[in-house]
Amino acid sequence: MARPCWRKIKTTCRFQLSRHLCSSTSLPSRPLSSPRRVVVTGLGMVTPLGCGVETTWKHLIEGKCGIRALTPDDLKMNAFDRETQMLTFDQLTSRVAAIVPCGTNPGEFNEDLWLNSKEHRSIARFISYALCAADEALKDAKWVPTEQEQKERTGVSIGGGTGSIRDILDAAQMICEKRLRRLSPFFIPRILINMASGHVSMKYGFQGPNHAAVTACATGAHSIGDAMRMVQFGDADVMVAGGTESSIDALSIAGFCRARALTTNYNSSPVEASRPFDCGRDGFVIGEGSGVLVLEELEHAKRRGAKIYAEICGYGMSGDAYHITQPHTDGRGAILAMTRALKQHYNILKGVAASQGMLGSNANVVASDITLLESYVLENSGLHPNQVDYVNAHATSTPLGDAIEANAIKSTFADHAASGALAFSSTKGAVGHLLGAAGAVEAIFTVLAIHHGTAPLTLNVTKPDPIFNNAFTPLTASKEMPLRAALSNSFGFGGTNACLLFASPS
């Protein structure tokens with residue numbers, strides 16, 4: 001009996017609400033809001049080229065390579081007898097790797113300081129790399145807050161690709177040896193990927209967002225992009241963001257070998273093994289390391305007089321929806337990620353222009369407003385999709401992926417790319433593929449390219465892929481040039497794609 005009455009009430013309410021929304025005088029116009037802008041104020045790195053930003057960048061620009069021959073000891077199979085270690089090594093089809101140099105000399109990763117001390121018993125290698133990189137980034141940013149409110153407004157977003165496979169392998173061996181009662185109580189905390197963020201948060205008392213993305217080889221880029229959004233949305237004023245990886249172990253290398261993802265033709269010449277965009281490429285070189293950036297709200301950075309490397313002003317994401325490891329041949333996923341990063345930058349500028357009274361107060365932007373916006377973009381920021389000066393490509397040195405990405409770049413930038421005005425390169429020729437850390441380390445390379453006005457080279461391009469021509473071709477030597485804006489691409493297994501857009505702070 002009550003149902004017809006309820007229908008009548010609902011219909012009446014819907015009619016009145018519809019009439020209210022359609023009235024031009026019922027609702028006040030909502031002005032476009034100005035988003036919080038995000039800048040990079042600190043950098044930290046642990047890479048196969050060295051420990052520290054200065055060492056790594058110097059070696060990269062000089063054309064040095066951090067890839068070397070793999071040895072049985074590099075696999076760190078300490079829980080297994082020597083015969084098993086050698087049999088395992090002999091069955092690996094790829095025997096080159098990009099390994100972080102360890103030692104106590106400048107530019108080397110100090111294991112005694114970051115990994116083997118008593119306080120670090122619960123820390124796996126991938127966590128220690130993140131702690132080391134975060135320490136450098138925070139010191140670079142001069143951001144070590146002591147006030148409670150500052151700590152509550154500072155968060156961490158550091159992801160990883162695989163965690164600590166080595167710990168899992170050692171634990172499995174204990175089961176085989178019927179010694180499970182001797183399993184370390186720190187086993188679970190050592191393998192959890194979010195513990196990199198957790199340890200950085202605990203070390204410095206940061207009580208803002210504590211986040212960890214896990215998106216295969218796009219992890220580092222997603223972690224930075226997510227952190228950017230957290231600052232934009234007001235969840236934090238400062239975010240410590242990046243990626244970390246320690247995958248030089250028997251099981252990880254064997255797994256990628258079985259997937260036929262790794263290079264096998266250059267075991268006798270390691271420095272030539274990673275050759276993005278070259279005709280001789282046959283797979284990627286597995287690597288390890290960490291990259292961490294300090295992201296900060298622009299006005300917050302200005303108030304404390306922070307050094308600003310660049311502004312992060314675009315974050316594009318997409319999914320291939322195609323295959324577990326291979327991108328679609330049309331490169332649509334990469335194109336979507338790049339164009340979405342550029343579009344987000346446009347929307348940010350629209351908000352800034354509106355806040356400065358350049359657009360009408362109505363939410364519906366008219367044609368004259370668009371003209372004003374374009375003028376604002378060109379005159380005040382100097383940025384336009386065709387004015388991106390450099391792309392740090394994801395290109396990992398695989399036959400299929402490199403060609404698809406190159407075509408995607410050409411499609412996205414059209415004449416700008418075809419004319420040779422757009423510089424692009426893959427830095428994986430020097431550092432290999434750092435998996436979950438790759439996007440973060442390459443984002444730092446992109447920021448440093450803007451900061452120093454130097455686009456880094458691609459190593460080992462002796463015979464470029466036929467898709468290139470004289471004008472559209474990857475850099476084979478580092479090039480000094482003014483960079484107003486640059487993109488960093490990251491793509492991962494499962495068809496996950498991320499693109500970060502950085503711009504000069506000037």
Side-chain angles (χ1 to χ4, degrees), residues 32-40 157 159 211 213 215-233 239 241 243 293 295 310-322 327-353 365 370 373-374 377 381 383-395 401 404-414 416-417 422 424 438-440 442-443 446-447 450 484-503:
L32 290 166
S33 59
S34 175
R36 285 158 54 96
R37 296 170 66 185
V38 186
V39 294
V40 180
S157 173
H211 179 68
T215 53
C217 305
T219 293
H222 277 129
S223 296
I224 294 166
D226 290 351
M228 167 197 177
R229 296 270 176 90
M230 292 173 192
V231 175
Q232 284 181 330
F233 279 86
M239 289 293 296
L293 300 82
L295 305 184
E311 179 177 2
I312 176 170
C313 47
Y315 173 35
M317 297 176 283
S318 72
D320 290 339
Y322 176 68
H328 195 284
T329 53
D330 65 7
R332 185 62 179 166
I335 294 170
L336 283 172
M338 287 187 278
T339 54
R340 285 169 179 170
L342 293 168
K343 180 180 178 182
Q344 184 179 90
H345 173 254
Y346 180 87
N347 289 335
I348 289 174
L349 287 172
K350 186 165 68 175
V352 173
V365 181
I370 295 296
L373 173 60
E374 290 174 345
V377 171
S381 71
L383 293 178
H384 185 277
N386 281 346
Q387 292 175 302
V388 171
D389 298 304
Y390 170 68
V391 174
N392 186 290
H394 177 72
I404 292 174
E405 183 181 9
N407 280 325
I409 292 171
K410 187 186 291 187
S411 297
T412 302
F413 293 96
H416 183 53
L422 177 70
F424 68 99
E442 290 158 18
T446 307
V447 169
I450 293 172
R484 292 162 295 182
L487 284 170
S488 179
N489 286 340
S490 295
F491 314 132
F493 280 5
T496 180
N497 309 302
C499 179
L500 300 171
L501 174 63
F502 296 95

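Any value given below was found using the heavy atoms of this structure, including those in side chains, with hydrogens, waters and symmetry copies removed. Values in this document were obtained by computation on a predicted structure and should not be read as measured data.
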Check your understanding: Where is the tightest heavy-atom contact between Ala408 and Ala334, given as atom of each residue plus distance?
Key -> CB-CB, 3.8 Å

Review point. Are Leu501 and Gln344 side-chain neighbours, meaning at least one heavy-atom pair lies under 4.5 Å?
Key: no

Practice item. Test Thr412 against every option in Asn407, Val388, Ile335 by the side chain to side chain contact (heavy atoms under 4.5 Å, CB included) rule and name the one that passes. Key: Ile335

Check your understanding: What's the shortest heavy-atom distance between Leu487 and Ala341, and which atoms?
Key -> CD2-CB, 4.3 Å

Point to revise | Evaluation steps, side chain to side chain contact (heavy atoms under 4.5 Å, CB included), between Asn489 and Asn392 | key: CA-CA 6 Å; Asn489 286 340; Asn392 186 290; over 6 Å; no

**Study point:** Minimal non-hydrogen separation, Ile404 against Gly331, with atom names
**Key:** CG2-CA, 3.5 Å

Check your understanding: So, the side chain of Ser318 versus the backbone of Asn497: is there a donor-acceptor pair under 3.5 Å, distance only?
Key -> no

**Study point:** Which atom of Ala503 lies closest to which atom of Cys313, heavy atoms considered
**Key:** CB-SG, 3.8 Å

Review point. Among all residues two or more places apart in sequence or in another chain, which pass the salt bridge (charged side-chain N to carboxylate O under 4.0 Å, His left out) test with Asp389?
Key: Arg484

Review point. Any donor-acceptor pair under 3.5 Å linking the side chain of His328 with the backbone of Tyr322?
Key: no

**Study point:** Qualifying residues under side-chain hydrogen bond (donor to acceptor under 3.5 Å, both in side chains), relative to Thr446, sequence neighbours excluded
**Key:** none

Point to revise | side-chain contact (heavy atoms from CB on, under 4.5 Å) against Ala395, all qualifying residues, sequence neighbours excluded | key: Pro276, Phe277, Ala393, Asp402, Glu405, Ser426

Check your understanding: Would you say the side-chain atoms of His222 pair up with the backbone N or O of Ser490, donor to acceptor, closer than 3.5 Å?
Key -> no

Review point. Taking only residues two or more places apart in sequence or in another chain, which ones pass side-chain hydrogen bond (donor to acceptor under 3.5 Å, both in side chains) with Thr496?
Key: none

Check your understanding: Can you name the side-chain contact (heavy atoms from CB on, under 4.5 Å) partners of Ala417, sequence neighbours left out?
Key -> Phe413, Leu422, Phe472

Point to revise | side-chain contact (heavy atoms from CB on, under 4.5 Å) partners of Met230, counting only residues at least two apart | key: Pro209, His211, Asp226, Asp235, Met239

